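A quick write-up on the structure given underneath.
Quick note on labels: first sequence line is chain A, next is B, and so on, each numbered from 1. No experiment lies behind these values; they were computed from the predicted model shown.
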2 protein chains.
Amino acid sequence: MAKILIIEDEKSIQRMIEYDLKQLGYNVESAIDGLEGYEKASKNNYDVILLDLMLPSMNGMEICKKLREENNDSYIIMLTALDDEYNKVQGLEIGADDYVTKPFSPRVLSARIKVGLRRRVKSSEEDIIYYNDLKIIQSSYEVLKDGINVDLTLKEFELLVYLLINKGRALSRDQLLTNLWGFSYDGDSRVVDVHIFKLREKIDPRAEFIKTIRGIGYKII
Amino acid sequence: MAKILIIEDEKSIQRMIEYDLKQLGYNVESAIDGLEGYEKASKNNYDVILLDLMLPSMNGMEICKKLREENNDSYIIMLTALDDEYNKVQGLEIGADDYVTKPFSPRVLSARIKVGLRRRVKSSEEDIIYYNDLKIIQSSYEVLKDGINVDLTLKEFELLVYLLINKGRALSRDQLLTNLWGFSYDGDSRVVDVHIFKLREKIDPRAEFIKTIRGIGYKII
DNA sequence: TTGTTTTGTAAAGATTGTGTAAATAAAAAA
DNA sequence: TTTTTTATTTACACAATCTTTACAAAACAA
C-alpha cells in the first residue's frame with residue numbers, strides 16, 4: 001500500500017485530504033508544520049509527498065530542496081495558490097515533480113497521485129524507452145537516434161537512462177553520483193559534468209533537452 | 001512441455017489452478033508453503049512460477065528476491081489481493097514479471113502464462129536454430145556454417161545456444177555462469193571470456209555478431 | 001560595470017576491462 | 001594406466017573508459 005505524507009498547516013484542508021486519501025486505501029500521515037514535515041519525510045520513505053508551500057517554521061521550497069539534497073526520491077507534489085506562477089516554476093526546478101493549485105477536487109489530487117505512483121515503478125520496468133527521436137533499449141544497451149545506432153559508454157548509457165526515468169526532474173550531481181556511481185562522492189569532483197558533456201556531444205549537441213539547472217544539476221525535459 | 005510451479009498455501013485454490021493448467025497440457029508442480037516453494041524453484045528450472053504473496057514459513061516477496069539473486073530467470077507471476085497496490089509495486093521492483101489479482105478466472109491466468117512462455121520458451125523449444133549462415137541443431141549438438149560442420153566443444157556449444165536464445169540481450173558473465181555452469185561462481189575468474197574467444201575464433205573471427213558490452217558482458221545481435 | 005561562482009570543454013593521466021596466449025587442471029577416451 | 005581432449009586459471013599487453021585537472025566561457029550578484 002502506497003505511503004503518502006501530507007505537509008500542510010491548515011488543519012481543515014489537511015484533515016480533508018487525509019480523509020479522502022484514506023478512503024482510497026492509501027497509508028496517510030500528516031505533518032502540521034515545515035520542520036515536522038521535513039523530519040518525517042527525511043526519516044521515512046514515502047511514495048508521495050504533498051507539500052504546501054506556505055508553512056510555518058520551514059517553507060516548502062526549502063523542504064523540497066533539502067530532501068533532494070539527501071537524495072530522497074519521493075514523488076513530491078506541491079500545493080500552490082492559484083496565481084503563484086513563480087513558485088511553481090521555482091519548485092519544479094528545485095526538484096518537485098508536480099503541482100496542484102488550491103482549491104482542488106479530491107479527484108484531481110487522486111489522479112496526480114496515481115501518476116506519481118505509476119512513474120515510480122513503471123519506467124524502470126520498461127525495457128524500451130522512447131524519447132523524441134531516441135530509442136533506448138535497456139536489455140541490449142542500445143541507443144538509436146533516428147534509427148541509427150549511437151555508441152555510448154556504459155556510464156553515458158546509465159546516465160541517459162536515469163535522466164529519462166526521472167524525466168522532468170532536476171537531478172543534483174550528488175543524486176546522480178549516489179545512484180549511478182553507487183557511493184557518496186567526497187571532494188568536489190565533476191565527473192558528472194564531463195559525462196553530461198559527452199552525452200550531449202553524442203546525442204544532444206545543442207543541449208536542447210539535457211538542461212543545466214544552475215546551482216542544482218541537470219534534467220531532461 | 002512448459003513446466004510451471006504453483007506456490008500457494010490455500011489448498012482449494014492450488015488444486016483448482018493445478019487442475020486447469022494440467023488440462024491445458026502444462027507440466028505442473030505445487031508447493032504448499034514458502035520454504036518448499038523456494039527450494040523447488042531453486043532446484044528446478046521452471047518456465048513459470050505462480051507465487052502467492054501471503055505464505056507460511058517464507059513470504060512470496062522474499063522468495064522472489066532470493067530467486068532473482070540466484071539469477072533464476074523463471075517468469076514469476078505474483079498472485080495478489082485485489083487492493084494490495086503496495087505489494088504489486090514492490091514485487092515488480094524486486095523482480096517479478098507480472099501479477100494477477102485474486103480472484104481470477106482460468107482464462108486470465110492462462111493468458112498471462114502464455115505471455116510469459118512466449119518470452120522464454122520459444123526459441124529454446126526449437127531444435128534447430130538458424131542464424132545468418134549458421135545452423136544449430138540442438139538435439140545432435142551440431143553446428144553448420146555455410147553447410148560445413150564446425151567443431152565446437154560442449155561449453156562453446158551451450159554458450160552459443162544460450163546467446164542465441166537470448167538474442168539481442170546483453171548477458172553478464174554472472175548470468176552466463178549461473179545458467180550454463182550452474183553455480184554461483186566465487187572469485188573473479190574469466191572462463192566466460194576464454195570461451196567467447198574460442199567461439200569467435202571458430203565461427204565469428206571478426207566479432208561481427210558476438211558483441212562485447214564493456215562493463216556488462218556479451219550479446220549476440 | 002566588476003568580481004565571483006558555476007559550468008563547458010579539452011586534454012592528460014589513471015584505472016579498469018577485455019583479448020589473447022600459454023600453462024595448468026580436469027575429464028574423457030584409448 | 002597413458003593419451004587426448006576440454007575446461008579453467010593465470011599473466012600480460014592493449015585499448016576503452018573514467019576521472020582529474022586546468023582554463024575558458026557563461027551566468028549571476030553587487
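- Atom CD of A:Glu201 and atom C1' of D:dC18 are 15 Å apart (whole Å).
- Per the geometry, CG belonging to B:Leu159 stands 15 Å off C1' belonging to D:dT6, to the nearest Å.
- Residue B:His195 contributes atom NE2, which lies 16 Å from atom P of C:dA21 at whole-angstrom precision.
- Side chains of A:Leu21 and A:Leu50 form a contact here, defined as non-hydrogen atoms less than 4.5 Å apart.
- Of the side-chain N and O atoms in A:Trp181, one or more sit less than 4.0 angstrom from OP1 or OP2 of D:dT19.
- In terms of position along DNA chain D, the nucleotide closest to B:Leu152 lies nearer the 5' end than the nucleotide closest to the other residue of the pair B:Leu152 and B:Val194.
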Please assess A:Thr212 against A:Arg200 for the test side-chain hydrogen bond (donor to acceptor under 3.5 Å, both in side chains), listing each intermediate value before the final yes or no. CA-CA 11 Å; A:Thr212 304; A:Arg200 282 177 174 157; 2.8 Å; yes

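- Note on ring orientation: taking the six-membered ring where Trp is involved, the planes of A:Tyr141 and A:Phe157 are tilted (angle from 30° to 60°).
- Nearest-nucleotide positions on DNA chain D place B:Thr153 closer to the 5' end than the other of B:Thr153 and A:Glu156.
- The CD1-P distance, from A:Ile196 to C:dG8, rounds to 8 Å in whole Å.
- Put simply, the side chain of A:Ile136 does not reach to within 4.5 Å of the side chain of A:Tyr130, judged on heavy atoms.
- When only modelled atom types and interatomic distance are considered, B:Ser74 and B:Asn72 share a side-chain donor-acceptor pair under 3.5 Å.
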Residues B:Asp47, B:Lys3; criterion salt bridge (charged side-chain N to carboxylate O under 4.0 Å, His left out); working and verdict: CA-CA 5 Å; B:Asp47 297 294; B:Lys3 268 175 71 181; over 6 Å; no

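- Using a 4.0 Å heavy-atom criterion, one finds that B:Leu154 contacts the sugar-phosphate atoms exclusively.
- Not a single ring-ring contact (aromatic ring centres under 6.0 Å, His included) links A:Phe197 to another residue, sequence neighbours left out.
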Protein proximity profile, nucleotides 12-18 of chain C - base contact B, sugar-phosphate-only contact S, no contact -, cut-off 4.0 Å on heavy atoms: ----BBB

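- Candidate nucleotides D:dC18, D:dT6, C:dT20 were compared by shortest atom distance to the side chain of A:Lys155, and D:dC18 ranks first.
- Remark: C1' of D:dT5 and CZ of B:Phe157 are 18 Å apart, rounded to the nearest angstrom.
- Whole-Å rounding puts the A:Asp151 CG to D:dT17 C1' distance at 12 Å.
- Residue A:Phe197 contributes atom CZ, which lies 10 Å from atom P of C:dG8 at whole-angstrom precision.
- Between the NZ atom of A:Lys202 and the P atom of C:dG8 there is a distance of 17 Å, rounded to whole Å.
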